[in-house]
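Data first, discussion second: the structure below is written as structure tokens.
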Amino acid sequence: MNGTMTMMDDAQIVELPTVLDLNAAAPLRDRLLARRGTPLALDASRVERIGGQCLQVLLAARNAWQRDGAGFSIDRPSDGFLNALRQMGFAGDLTPATETTR
């Protein structure tokens with residue numbers, strides 16, 4: 001990850017919380033669903049930990065946005081975010097390279 005900003009100009013920016021654990025999964029799902037259908041850029045710069053449930057929410061969101069044809073990106077991933085993804089075997093699946101656009 002090179003740390004390059006890839007945020008889309010017209011995207012709503014959602015800052016991800018520091019800890020994305022089991023307790024954060026439902027609120028994260030609700031925050032994302034409220035923005036469905038609009039270009040979305042998630043700022044992962046503050047994430048220190050991410051658990052399997054929040055990873056599942058992010059993967060489902062990415063897939064939903066792709067099906068909708070709306071832009072979706074995860075930008076400025078922190079080292080903690082990237083390390084957690086690597087440990088769970090998803091290093092390349094949620095980084096900015098997966099951005100989709102309309």
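This is a predicted model, so every value here is computed, not measured.
Between the Asp21 side chain and the Ala24 main chain, a donor and an acceptor come within less than 3.5 Å of each other. Between the side chain of Arg35 and the backbone N or O of Arg31 there is at least one donor-acceptor pair closer than 3.5 Å. In terms of modelled atom types and a separation under 3.5 Å, the side chain of Thr18 and the main chain of Glu48 share no donor-acceptor contact.
Contact between Pro39 and Ala70 at its shortest, heavy atoms only, is N-CB, 4.4 Å. For the residue pair Asn83 and Arg86, the shortest heavy atom distance occurs at OD1-NH2, 2.8 Å. Among all heavy-atom pairs drawn from Val57 and Ala25, the shortest one is CG2-O, 3.9 Å.
One distance of note links CG of Leu40 with CD1 of Ile74; it measures 9.0 Å at 0.5 Å rounding. For the atom pair CG of Asn23 and CG of Leu28, the computed distance is 12.5 Å after rounding to the nearest 0.5 Å. Going from atom CD of Gln66 over to atom CG of Asn63 covers 5.5 Å, rounded to the nearest 0.5 Å. Distance check, rounded to the nearest 0.5 Å: CG of Leu82 to CD of Gln87 gives 11.0 Å.
Annotation for Asp79: atom CG does not count as buried by contact number, only 12 or fewer foreign heavy atoms lying within 6.0 Å. Within a 6.0 Å radius of CD in Gln56, no more than 12 heavy atoms belonging to other residues, nucleotides or ligands are found.
Proximity of Leu42 to Leu58: side-chain heavy atoms (C-beta onward) are separated by under 4.5 Å at one or more points.
Phe81 and Val19 are not part of a single hydrophobic cluster, where members link through side-chain heavy atoms under 4.5 Å apart. Both Leu59 and Leu85 are assigned to one and the same hydrophobic cluster, defined by single-linkage of ILVMFWY side chains at heavy-atom distances under 4.5 Å. Leu33 is not connected to Leu20 by any chain of hydrophobic side-chain contacts under 4.5 Å among Ile, Leu, Val, Met, Phe, Trp and Tyr, and they are in different clusters.
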Show your reasoning for whether side-chain contact (heavy atoms from CB on, under 4.5 Å) applies to Trp65 and Arg36.
-> CA-CA 7 Å; Trp65 262 252; Arg36 184 147 183 200; 4.0 Å; yes
